[in-house]
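Indexing begins at 1, ligand by ligand and atom by atom, following the structure's order. Since the model is a prediction, treat every value here as computed from it, not as a measurement.
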Amino acid sequence: MIVGLDPYFKSIPDIIKQKFSTLKKQSFEYEARVILEFNIQVIDLIAPHVSIVKPQIAFYELYGWWGVWAYAETIKYAKQKGLIVIGDVKRGDVPSTAEAYANAHIGEVCTDHVAEAPFGTDAITINPFLGTDSLLPFFQTAKKYHKGIFVLVKTSNPDSGEFQDLICEGKKLHEIIAERTYTWGKDVLGKHGYSAVGAVVGATFSHEITKLRKIMPTAYFLVPGYGAQGATAKDIACCFNPDGLGAIINASRSILYAYNLSPWKEKYGIDSWRDATREAVVKMNEEIRNILKTNHGYKE
Ligand SMILES: O=C(O)c1cc(=O)[nH]c(=O)n1[C@@H]1O[C@H](COP(=O)(O)O)[C@@H](O)[C@H]1O
């Protein structure tokens, strides 16, 4: 399980905003410090239950330099708590530019200039639209610095099929991208047989997952769509390999703002947002574990 750290400022409880009210409206420092405090409290709540967080950089870029500061401080705190951090940055560009992106987010900048490297994470998401040469810098950097990559293969949004399902050479485009992703990942297999090159596979298109699992047996699937986008535990059963591994299931809004959702909305008010978030994480973990027990004979 992954908890996505996507700060929708309007949904952050007032009890946190009040701590920084003296800063209000002076600059983005107010929003940035509220976001960081919220993230720190969320990380403390979820760290006993999950191992991975995924900040979506867009929600930090909204607040300029201060937002980037909040992104960097969030990453630092998550790593201090022993969590793996996936930077959801969806980068992609021509080879020379891709090399700069790779260095900034998972490469030399993050290891040799840690104090000045706001973007350093353990893995990032990338967009394969520009083709193999645009992705090789990411794979080479990931191999050199022992980092992870998640290639967008079948995204969870309603219009993903507009391009990703186009038929080329008798296959859907996302199937071809899945085949390439498997090939790109062949020379970065870890000791448990999984590759440093993973795939983003949306749970909202569960009918496509079994086929993708077969095409990419060594890729870890980053699976968004659970919760707020409508996917549920039954949609993710086919994400896992027979060994019960191979997928990490993301939820952002349905965890962070669980106080807004049933059954917690009725049980808790916004002032008890922490209880709601904690229970939402425990419930999602249990749902995933039950799926694994049912489908893969998973033992505790
Ligand atoms: O790369 C991603 O993480 C991603 C890929 C995708 O196909 N769909 C998708 O929702 N995401 C991200 O996953 C998160 C989903 O958030 P919730 O819908 O709130 O759980 C957001 O940060 C999205 O940007």
* To do: Using the six-membered ring of Tyr30, assess whether NZ or CZ of Lys17 lies under 6.0 Å from its centre and within 45 degrees of the ring axis.
  => no
* Asked: Between Glu287 and Tyr226, is any side-chain donor less than 3.5 angstrom from a side-chain acceptor?
  -> yes
* To do: Report yes if the distance between the aromatic ring centroids of Trp273 and Phe38 is under 6.0 Å, otherwise no.
  => yes
* Asked: Are Tyr268 and Ile270 connected in the hydrophobic side-chain network, where two residues link if heavy atoms are under 4.5 Å apart?
  -> no
* **Pairs satisfying salt bridge (Lys or Arg N to Asp or Glu O under 4.0 Å), at least one member in residues 86-103, at least two apart** => Lys54-Asp88, Glu61-Arg91, Asp88-Lys90
* Short question: side chain of Asn103, backbone of Glu108 - any donor-acceptor pair under 3.5 Å? -> yes
* **First-shell residues of ligand 1 [heavy atom, distance under 4.0 Å]** => Asp6, Lys54, Gln56, Asp88, Lys90, Thr125, Leu152, Thr155, Ser156, Val200, Pro224, Tyr226, Ala228, Gln229, Asn250, Ala251, Ser252, Arg253
